[in-house]
There are 2 protein chains.
Amino acid sequence: MADAGKEITIYDIAQKLNLSAATVSRGLKDHPGINKNTKKKILATAEKMGYRFNSFASNLRKKNSNIIGVIVPRLNSNFMSDVIAGIEKVVNKAGYTLFISQSFESMQHEITNAKAMFNNRVDGILVSLAYDTTNISHFEQFTRRNIPVVFFDRVIEHEKYPAICIDNYKAANTLVSHLIEQGCNRIVHISGDQRRNVYADRTRGYQQALKDNQLPFEDELLIVNDLSQAAAIQAAKKILKMRPLPDAVFAASDFCAINCMLEIKKAGLKIPGDIAFAGFNNDQMACVVEPQLTTIDYKGFEMGEFAARMIINHLVNPGELQNTHSLVLRSELIIRESSLKAGVK
Amino acid sequence: MADAGKEITIYDIAQKLNLSAATVSRGLKDHPGINKNTKKKILATAEKMGYRFNSFASNLRKKNSNIIGVIVPRLNSNFMSDVIAGIEKVVNKAGYTLFISQSFESMQHEITNAKAMFNNRVDGILVSLAYDTTNISHFEQFTRRNIPVVFFDRVIEHEKYPAICIDNYKAANTLVSHLIEQGCNRIVHISGDQRRNVYADRTRGYQQALKDNQLPFEDELLIVNDLSQAAAIQAAKKILKMRPLPDAVFAASDFCAINCMLEIKKAGLKIPGDIAFAGFNNDQMACVVEPQLTTIDYKGFEMGEFAARMIINHLVNPGELQNTHSLVLRSELIIRESSLKAGVK
DNA sequence: AAATTCTTTGCAATCGATTGCAAAACAAAT
DNA sequence: ATTTGTTTTGCAATCGATTGCAAAGAATTT
């Protein structure tokens with residue numbers, strides 16, 4: 001039955017029970033040296049008096065915040081929401097809370113967010129890089145103070161920072177091989193900024209699959225843009241003008257694949273009959289378009305869990321900063337109508 | 001050039017400049033009483049020594065955290081990501097940071113999250129309620145301590161808590177009127193838990209539109225479920241068995257509308273020819289399905305901004321807790337193919 | 001009964017920024 | 001030179017939890 005009047009502190013509890021604040025503090029923390037009955041009394045009194053723990057005082061004294069920062073490009077996908085959920089699960093169990101922020105795909109924002117996290121003294125930070133992040137010097141302030149930084153999904157090669165991602169090269173390779181199996185031999189790839197691992201690796205996987213099957217790669221077949229809706233439509237127009245006409249399009253994101261596909265459908269082409277399509281990420285949308293989109297699925301929740309575990313590990317055993325350096329998660333090819341040339345007429 | 005060795009405090013800066021910590025503190029905060037040159041020197045030295053503000057000490061002393069808590073059902077929609085962006089914009093400008101968490105549509109989670117926010121001493125809290133939240137006593141701890149609580153979108157009627165939302169009644173009414181104009185007169189409505197304002201109000205709007213047009217409402221026409229994919233498909237099956245067959249379906253979410261529509265398409269019916277469709281929220285998906293979905297659009301970013309401003313107002317002028325009690329934002333009917341019976345054959 | 005061990009508890013300093021009040025420094029006016 | 005007024009700065013207490021160390025108390029052994 002607390003009232004707004006005054007915050008109750010451990011001193012108030014101590015006074016009421018004729019104990020010292022030290023004992024109350026330990027009692028609340030379930031310290032082994034405190035008598036069971038005393039603990040019980042402390043807990044009961046704290047509850048009755050409406051005590052609430054003051055993390056500021058605690059953090060000040062202990063010099064850590066029990067907060068993990070998370071910077072992501074955007075929160076608006078199922079994938080990201082799953083990642084966050086996975087992180088939350090692990091992190092909460094370890095007694096930490098999250099401080100989430102969006103970079104909106106801009107390095108400027110990312111830098112600002114990193115600064116804010118730094119000033120808020122997060123104990124560790126999880127990052128999926130923005131679309132246009134070219135260097136990562138804004139994370140040096142963390143490593144300099146031994147605050148662990150872990151990248152996930154949109155990662156960057158750097159010996160200092162562990163990274164969690166899927167094998168984008170292999171996934172793309174598998175996907176493109178599937179398209180080739182379906183009889184496609186002139187496959188366009190639409191990708192994003194090649195400085196981002198996820199896009200560069202997918203491009204490599206695509207090219208390797210062509211090579212493995214003795215298909216020629218031509219520069220014209222690779223379209224690099226920002227994967228936005230506008231870009232997808234523009235790409236579609238470009239594709240429609242290509243001669244000979246490509247017989248498949250593999251876009252590095254479902255969103256882009258879908259928008260491109262719709263534009264091409266609008267031009268009267270049959271999918272997958274004339275052109276097969278495939279995307280990446282298994283977005284909810286992929287099941288909603290017609291035809292349903294072949295794509296690569298990987299589990300955001302799992303990725304979040306692993307990333308969080310890695311951070312927590314670093315915090316628990318501060319010594320072994322590089323025990324597990326990087327981690328590659330499983331991904332899976334999901335075949336749907338948009339690429340099934342064989343099956344459909 | 002800070003190194004990991006030691007945290008620099010205002011005392012260190014004070015010592016180096018032969019000043020008192022008080023002056024340094026004021027200098028860093030741009031206090032009017034401090035000489036301009038002194039300020040400049042303080043700032044420069046702080047920068048050079050690698051000082052970082054210790055918010056724990058500050059919070060402890062000032063008894064506020066400058067943190068605003070946000071609890072939302074899920075982060076996985078464009079809508080929510082926009083809301084968060086709007087909130088962030090306003091809140092950051094006012095010197096606050098965000099503490100975001102997801103309830104995953106569960107009241108249990110919501111309660112836990114509220115507790116965590118409370119213990120982390122947020123200065124205010126913004127909430128969009130979970131699907132199954134029946135009572136809101138878990139927010140009383142905040143009001144009891146004069147911590148402002150503002151609801152948005154999924155709100156609840158309560159004189160203590162201001163709320164920001166659109167006029168769901170009017171929006172649904174407009175939408176259903178549009179369907180009727182298109183010649184529909186047997187309109188099914190699929191909605192969510194009627195204890196949630198957004199769903200109850202949309203249902204009322206739907207029913208009123210029928211009444212306004214002298215159309216009979218039958219219980220059979222209202223399907224209440226959890227709006228999930230499975231529920232949408234089940235609803236579709238139910239609709240297909242109705243005699244006479246309905247000529248329109250209005251679902252309280254785009255996701256549900258789309259899944260239901262796809263199932264009905266699969267059964268061979270023409271949309272909108274046989275059955276017209278409409279959803280709610282203008283999700284990205286709505287433009288991706290075929291036919292594109294008629295829906296109601298409202299601006300998440302704006303809603304976030306307003307909600308944040310309301311909280312910040314309460315924090316700045318703690319007196320007038322109920323100056324603006326609630327706020328209704330604009331929404332707009334977006335007409336697309338799925339409801340255009342007139343236009344399409 | 002004395003000595004030893006194990007349990008419990010308390011003392012007091014510490015973390016770093018803030019702020020009311022007072023004092024010092026300086027400039028301007030008499 | 002003295003008084004008055006204006007800028008600048010400093011003193012010192014405060015916020016509340018933590019923890020190394022020591023001491024008191026209880027239980028056990030000789």
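Residue numbers start from 1 in every chain, and the chains themselves are labelled A, B, ... in the order their sequence lines are given, proteins ahead of strands.
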(request) Let me know the distance between CD of A:Gln15 and P of C:dC11, rounded to the nearest Å. (result) 13 Å

(request) Output, in order, the C-alpha distance, side-chain angles, deciding distance and verdict of side-chain contact (heavy atoms from CB on, under 4.5 Å) for B:Ile312 and B:Val91. (result) CA-CA 7 Å; B:Ile312 300 286; B:Val91 140; 4.1 Å; yes

(request) Give a yes/no answer on whether the side chain of B:Lys63 brings an N or O atom under 4.0 Å of OP1 or OP2 in D:dG16. (result) yes

(request) Look at A:Ser20 and C:dC11 and indicate whether a side-chain polar atom (N or O) is within less than 4.0 Å of OP1 or OP2. (result) no

(request) Would you tell me if any nitrogen or oxygen in the side chain of B:Ser58 comes within less than 4.0 Å of OP1 or OP2 on C:dG16? (result) no

(request) Starting at atom CD of B:Glu7, determine the distance to atom P of C:dG16, rounded to an integer number of angstrom. (result) 8 Å

(message) Rounded to whole Å, how long is the line connecting atom CD1 of A:Ile10 with atom P of D:dT18?
(response) 7 Å

(message) For B:Phe118, does the six-membered ring have the charged nitrogen or CZ of A:Arg52 within the cation-pi criterion, i.e. under 6.0 angstrom from the centroid and within 45° of the normal?
(response) yes

(request) Send over the distance from B:Ile34 CD1 to D:dT8 P, rounded to a whole Å. (result) 9 Å

(request) Starting from P on C:dG16, measure out to CG on A:Asn59 and report it in whole angstrom. (result) 13 Å

(request) State which residue, out of B:Arg154, B:Arg74, B:Arg196, fulfils the salt bridge (charged side-chain N to carboxylate O under 4.0 Å, His left out) condition with B:Glu105. (result) B:Arg154

(message) Taking 4.0 Å as the cut-off, does a side-chain nitrogen or oxygen of A:Asn35 come that near to OP1 or OP2 on C:dT8?
(response) yes

(message) Considering every strand and a 4.0 Å limit on heavy-atom distances, what is the contact class for A:Asn37: base, sugar-phosphate, or nothing?
(response) nothing

(request) With side-chain contact (heavy atoms from CB on, under 4.5 Å) as the test, would you mind laying out the steps for A:Tyr96 and A:Ile67 before giving the verdict? (result) CA-CA 5 Å; A:Tyr96 290 79; A:Ile67 292 174; over 6 Å; no

(request) Check every strand shown and say whether B:Thr38 touches a base, only sugar-phosphate, or nothing at a heavy-atom separation below 4.0 Å. (result) sugar-phosphate

(request) Would you kindly compare B:Lys62 and A:Phe53 by the position of their nearest DNA chain D nucleotide and give the one closer to the 5′ end? (result) B:Lys62

(message) Looking at A:Arg61 and C:dG16, is any side-chain donor or acceptor paired with a base atom of the opposite kind under 3.5 Å?
(response) no

(message) So, does A:Lys29 get its side chain near the phosphate of D:dT18, meaning an N or O under 4.0 Å from OP1 or OP2?
(response) yes

(message) Base of C:dG16, side chain of A:Arg121 - is there a donor-acceptor contact under 3.5 Å?
(response) no

(request) Measure from the side-chain heavy atoms of A:Leu19 and tell me the nearest of C:dT18, D:dT9, C:dG10. (result) C:dG10

(request) Return the 5'-most residue of the pair B:Ala57, B:Thr23 with respect to DNA chain C, ranking by each residue's nearest nucleotide. (result) B:Ala57

(request) For A:Ser25, report the nucleic acid contact type (base, sugar-phosphate, nothing); a contact means any heavy atom under 4.0 Å. (result) base

(request) Using salt bridge (charged side-chain N to carboxylate O under 4.0 Å, His left out) as the criterion, point out the one residue from B:Lys63, B:Arg144, B:Arg121 that pairs with A:Glu7. (result) B:Arg121

(request) Nearest-nucleotide wise, let me know which of A:Ala21 and B:Leu60 is further upstream toward the 5' end of DNA chain D. (result) B:Leu60

(message) By the 4.0 Å heavy-atom rule, please label B:Asn64 as base, sugar-phosphate, or nothing.
(response) nothing

(message) Nearest whole Å is fine: how far is C:dC15 P from B:Ile8 CD1?
(response) 14 Å

(request) Give the rounded distance in Å between these two atoms: CG of A:Asn119 and P of C:dA17. (result) 12 Å

(request) Please evaluate the base of D:dG10 for a donor-acceptor partner in the side chain of B:Arg26 within a cut-off of under 3.5 Å? (result) yes

(message) Tell me the interatomic distance from A:Leu28, atom CG, to D:dT18, atom P, rounded to whole angstroms.
(response) 8 Å

(message) For A:Ser65, is there any backbone N or O sitting under 3.5 Å from a side-chain donor or acceptor partner on A:Asp123?
(response) yes

(message) Side-chain N or O of A:Tyr11 versus OP1/OP2 of C:dA12: is the shortest distance under 4.0 Å?
(response) no

(message) Quick check for you: among C:dA17, D:dG10, D:dG16, whose closest atom lies nearest to any side-chain atom of B:Thr9?
(response) C:dA17

